[in-house]
**Q** 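Structure incoming, see below.
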Amino acid sequence: MRTPIPAERLQKLQALREKGVDPYPRLFEGAEPIGGFRDRIVDGAMVPVRAAGRITAIRGHGKAAFLDLKDRSGKIQVYFKKDTLGDALYEVYQLLDLGDFIGVDGEVAKTRTGEPTVFAKSFTLLSKSLQPLPAKWHGLKDVQIRYRKRYLDLVSSDDVPKIFLRRADVIREIRAFLDGRGFIEVETPVLHSIAGGATARPFVTHHNALDMDLFMRIALELHLKRLLVGGLERVYEIGRVFRNEGIDATHNPEFTMLEAYQAFTDFTGMMELCETLFANLAKKYFGESRRVPYGELELDFTPPFPRRTYRDLLREHAKVDLEDHEGVKRVAREMKIDVAGLDHYAIANEIFEEAVEPTLLHPTFVTEHPVAICPLAKTKASDPTIAERFELFIAHKELANAFSELNDPIDQEERFRKQVASGSDEVPKEVDVDYVVALEHGLPPAGGIGIGIDRLVMLLTNSHNIREVVLFPLLRRQEGEGPIEVEGEE
RNA sequence: GGGGGCAUAGCUCAGUCGGCAGAGCAACUCACUUUUAAUGAGUAGGUCGCAGGUUCGAUUCCUGCUGCCCUCACCA
């Protein structure tokens, strides 16, 4: 629901205008980050500074006041004194509220209690806030408001901004890492005429001028591999993908994927890349031990990560061999897995997800998946039923997925045809002939990897819901929310 | 989609076994020119998520709806 503007704020706004104060002026240049002020203090001297930020507290003392001023870099106390500011400015001060932005000119020094303080000589109102901020101490707990009005969440919490600063840093590190290995960053279409590269229900949209239905991409894969055909050799994209599926603690309908493809290597090259990247990130944020705290857990990112085969893990945790068709059926029955319409390997994969994934705590590479569940992966030279693929599991979740890219156009077309024939609404309705034709022109042998950035950031920020690492997670539109209806001009 | 839970002041939360709606912070007024969760005194603030039903009376009980959380299913 929309909250009306409190009458007192409107009255203050009016009073400011009557005093000739512009509540929304245009410029305030030359302010320095508040976080650096503490270090500028010289004992016994007044050091001139200019600051700009939001008022987060006001402690009035008769004809003087202490304010807390906050910018992105930190917070500092500001001292207003009537004698120093003069009567006119002091009257403006009396019309300030928590939440207002002001610019301050003054001198920084310590008070007698040792608190770094800007002793203001003058100040400028930079933006009048008409809505109150959430309470100072308990902060904002209502997740509906936190996610819908993320700006309030960011203002009233010290921890939330840190999560998003780290998210930005993680992405910066990934770019630097890949750029350093000779990858080039590219952008490929979000709107696809065939939503391929993964198994998921797509969002559908429509282009009016072309009168054409389009799908929001569910993966970056097929366009990036076209670029390998074009000779770019090492490409990556960090981009949003969209999957029209359930929402929960680890799934948002739009999420950020990194996909990288490298010519003339295979999935083992991607494994080295992935391991180095993850270990580097853990070292950057958690030191040489590379132990990542996650809830009650401590995840050990020290390389090399264990390599386990799909088949071994299945044997170990489900007590059944991948190729024992009867045994797999029996175990599925025992685990009460609904096997209707599933083939042998799909059933086995259900068992894997149920019995094995919950055991995969520390970073673990799972390899040698059955090729039947990997439509875009090359098979192992020594065994055509096994895919050259790995998945990296951490804290029970799949963080990365990589394989040796299938580059045999005839095999690829055959696998696409089987997918389409399955009639599932999680695979395209038609074969992506355009992609197959690209392969016909020659895709060099290549390794490719996909990494879920949101989940990675969750691990590295000790966040347990994907919404904590997505600035504006998708929520249902609330009653009374949204644009104000305005009479249109005919 | 199934199951369970939550929705009370701007914020954080009490509360009413069905009988005039409460606190702290924020806001407003007054006092106070070095406080820092400033302090002291006072004031105001509510369609108790929405719509029905039961009842003399519903914020409370019942039904439906909306939104959110947890969980299962699908998925990364």
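Every value quoted in this text rests on a predicted model; they were computed, and no experiment measured them. In what follows, chains carry the letters A, B, and so on, assigned in the order in which the sequence lines appear, proteins first and then strands, with residues in each chain numbered from 1.
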**Q** When you match A:Gln77 and A:Asn252 each to their closest nucleotide on RNA chain B, which lands nearer the 5' end?
**A**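 The 5'-side residue here is A:Gln77.
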
**Q** Looking only at side-chain N and O atoms, does A:Thr268 offer a donor or acceptor that is under 3.5 Å from a partner on A:Glu272?
**A**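 Short answer, no.
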
**Q** Rounded off to whole Å, could you give me the CD-to-C1' distance for the A:Gln144 and B:U12 pair?
**A**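 Atom-to-atom, A:Gln144 to B:U12, this comes out as 16 Å.
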
**Q** Which residue, A:Arg112 or A:Asn401, contacts RNA chain B at a nucleotide closer to its 5' end, judged by nearest heavy atom?
**A**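 That would be A:Arg112.
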
**Q** NA contact type, A:Gly452, heavy-atom cut-off 4.0 Å: base, sugar-phosphate, or nothing?
**A**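 Nothing, no heavy atom under 4.0 Å.
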
**Q** Calculate the interatomic distance between A:Leu67 atom CG and B:U35 atom C1'; express it in whole Å.
**A**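 Nearest whole value for this atom pair: 11 Å.
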
**Q** What distance, rounded to whole Å, do you find between the two C1' atoms, one in B:C6 and one in B:C50?
**A**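 My reading of the C1' atoms in B:C6 and B:C50 gives 16 Å.
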
**Q** Nearest of B:U33, B:A76, B:C11 to any side-chain atom of A:His61?
**A**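 For A:His61, the side-chain atoms sit closest to B:U33.
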
**Q** Looking at B:C25, which nucleotide sits across from it as a Watson-Crick or G-U wobble partner, both distances under 3.5 angstrom, or is there none?
**A**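 Partner of B:C25: B:G10.
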
**Q** Provide, to the nearest angstrom, the distance between the CD atom belonging to A:Glu115 and the P atom belonging to B:A37.
**A**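 The distance from CD of A:Glu115 to P of B:A37 comes to 9 Å, rounded to the nearest Å.
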
**Q** Which nucleotide in the list B:U12, B:C68, B:U35 gets nearest to the side chain of A:Arg59?
**A**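 From the listed options, B:U35 comes nearest.
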
**Q** Between B:A27, B:G10, B:A76, which nucleotide has the shortest distance from any of its atoms to the side chain of A:Pro132?
**A**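 Nucleotide nearest to A:Pro132's side chain: B:G10.
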
**Q** Among B:A76, B:U33, B:A27, which nucleotide has an atom closest to any side-chain atom of A:Leu98?
**A**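 So the side chain of A:Leu98 is nearest to B:A27.
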
**Q** What is the distance, rounded to the nearest whole Å, between atom CZ of A:Phe255 and atom C1' of B:A76?
**A**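 Whole-Å distance recorded here is 5 Å.
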
**Q** Paired with B:G1 by Watson-Crick or G-U wobble geometry, both distances under 3.5 Å: which nucleotide is it?
**A**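 B:C72 - that is the nucleotide pairing with B:G1, both distances being under 3.5 Å.
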
**Q** Using atom P in both nucleotides, what's the gap between B:C11 and B:A7 to the nearest angstrom?
**A**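 Looking at atom P only, B:C11 and B:A7 are 15 Å apart.
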
**Q** Base, sugar-phosphate alone, or nothing: which one does A:Asp68 contact when heavy atoms must sit under 4.0 Å apart?
**A**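 It contacts nothing in the nucleic acid.
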
**Q** From CD of A:Gln94 over to C1' of B:C32, roughly how many Å is that when rounded to an integer?
**A**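 Atom CD in A:Gln94 sits about 13 Å away from atom C1' in B:C32.
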
**Q** Paired with B:A58: which nucleotide, if any, by Watson-Crick or G-U wobble criteria at under 3.5 Å for both distances?
**A**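 Per the H-bond distance test, none.
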
**Q** Can you check the A:Leu152 CG to B:C11 P distance for me, whole Å?
**A**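 Result: 9 Å.
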
**Q** Under a 3.5 Å threshold, yes or no: a donor from one side chain and an acceptor from the other, between A:Tyr147 and A:Asp153?
**A**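 The criterion, which ignores hydrogens and geometry beyond distance, is not satisfied for A:Asp153 and A:Tyr147.
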
**Q** Check the phosphate of B:C70 against A:Asn465, side-chain N and O only, distance under 4.0 Å to OP1 or OP2. Yes or no?
**A**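 A:Asn465 to B:C70 OP1/OP2: side-chain N or O found under 4.0 Å.
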
**Q** Considering every strand and a 4.0 Å limit on heavy-atom distances, what is the contact class for A:Leu475: base, sugar-phosphate, or nothing?
**A**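 The answer is sugar-phosphate, as A:Leu475 gets under 4.0 Å only of primed atoms, P, OP1 or OP2.
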
**Q** Are A:Tyr310 and A:Phe352 close enough that their ring centres sit under 6.0 Å apart?
**A**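 Under 6.0 Å, so yes.
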
**Q** Of the options B:U35, B:G67, B:C28, whose atoms approach the side-chain atoms of A:Arg148 most closely?
**A**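 Taking heavy atoms from C-beta onward, the closest nucleotide is B:G67.
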
**Q** Assess whether a salt bridge exists between A:Lys128 and A:Asp97, defined as any Lys/Arg side-chain N lying under 4.0 Å from an Asp/Glu carboxylate O.
**A**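 Yes, A:Lys128 and A:Asp97 are salt-bridged.
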
**Q** For a quick check of understanding: with a heavy-atom distance under 4.0 Å over all strands, which category does A:Gln131 fall into, base, sugar-phosphate or nothing?
**A**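 No contact at all - A:Gln131 keeps every heavy atom at 4.0 Å or more from the nucleic acid.
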
**Q** Answer yes or no: are there more than 12 heavy-atom neighbours, outside A:Arg72 itself, under 6.0 Å from its atom CZ?
**A**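 For A:Arg72, atom CZ is not crowded (no more than 12 foreign heavy atoms under 6.0 Å).
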
**Q** In the structure shown, which nucleotide is the Watson-Crick or G-U wobble counterpart of B:U39, with both distances under 3.5 Å?
**A**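 Pairing partner: B:A31.
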
**Q** How far, in whole Å, is B:G15 from B:A26 if one measures between their P atoms?
**A**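 Their P atoms lie roughly 24 Å apart.
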
**Q** Picking from B:A76, B:U33, B:A27, which would you name as closest to the side chain of A:Lys12?
**A**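 It is B:A27.
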
**Q** Counting side-chain heavy atoms from CB outward, which of B:U12, B:C28, B:U36 is closest to A:Leu140?
**A**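 Ranking B:U12, B:C28, B:U36 by closest atom to the A:Leu140 side chain puts B:U12 first.
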
**Q** What does B:G18 pair with, Watson-Crick or G-U, if both distances are under 3.5 Å?
**A**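 Pairing partner, where one exists within any strand: none, as none qualifies.
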
**Q** What is the base-pairing partner of B:C65, counting Watson-Crick and G-U wobble geometry with both distances under 3.5 Å?
**A**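 Paired with B:G49.
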
**Q** Among B:A27, B:C74, B:C13, which nucleotide sits nearest the side chain of A:Glu245?
**A**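 Minimum distance to the A:Glu245 side chain belongs to B:C74.
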
**Q** Over how many whole Å does the gap from A:Lys75 atom NZ to B:A37 atom P extend?
**A**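 In whole Å, B:A37 P lies 10 Å from A:Lys75 NZ.
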
**Q** Under a 3.5 Å threshold, yes or no: a donor from one side chain and an acceptor from the other, between A:Ser463 and A:Arg167?
**A**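 No - no donor-acceptor pair under 3.5 Å links their side chains.
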
**Q** Using a strict threshold of under 4.0 Å (side-chain N to carboxylate O), is an ion pair present between A:Arg175 and A:Glu185?
**A**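 The answer is yes: the pair qualifies as a salt bridge.
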
**Q** Taking atom types as they are modelled, would you say the side chain of A:Thr117 forms a donor-acceptor pair with the base of B:U34 within the 3.5 Å cutoff?
**A**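 Checked by distance alone, the answer is no.
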
**Q** Among B:C11, B:U33, B:C68, which is the nearest nucleotide to the side chain of A:Pro134?
**A**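 Selected nucleotide (nearest to the side chain): B:C11.
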
**Q** Starting at atom CG of A:Asp248, determine the distance to atom P of B:G2, rounded to an integer number of angstrom.
**A**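 Rounded to whole Å, this separation is 17 Å.
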
**Q** Select one nucleotide: of B:U33, B:C74, B:U36, the one nearest the side-chain heavy atoms of A:Lys63.
**A**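 Looking only at heavy atoms from C-beta outward on A:Lys63, the closest nucleotide is B:U33.
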
**Q** What I want to find out is whether A:Glu334 reaches A:Arg330 closely enough, with some N-O distance under 4.0 Å, to be called a salt bridge.
**A**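 Salt bridge flag = yes for A:Arg330 with A:Glu334.
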
**Q** Counting any heavy atom closer than 4.0 Å, what does A:Phe119 reach on the DNA or RNA strands: base, sugar-phosphate only, or nothing?
**A**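 It contacts base atoms.
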
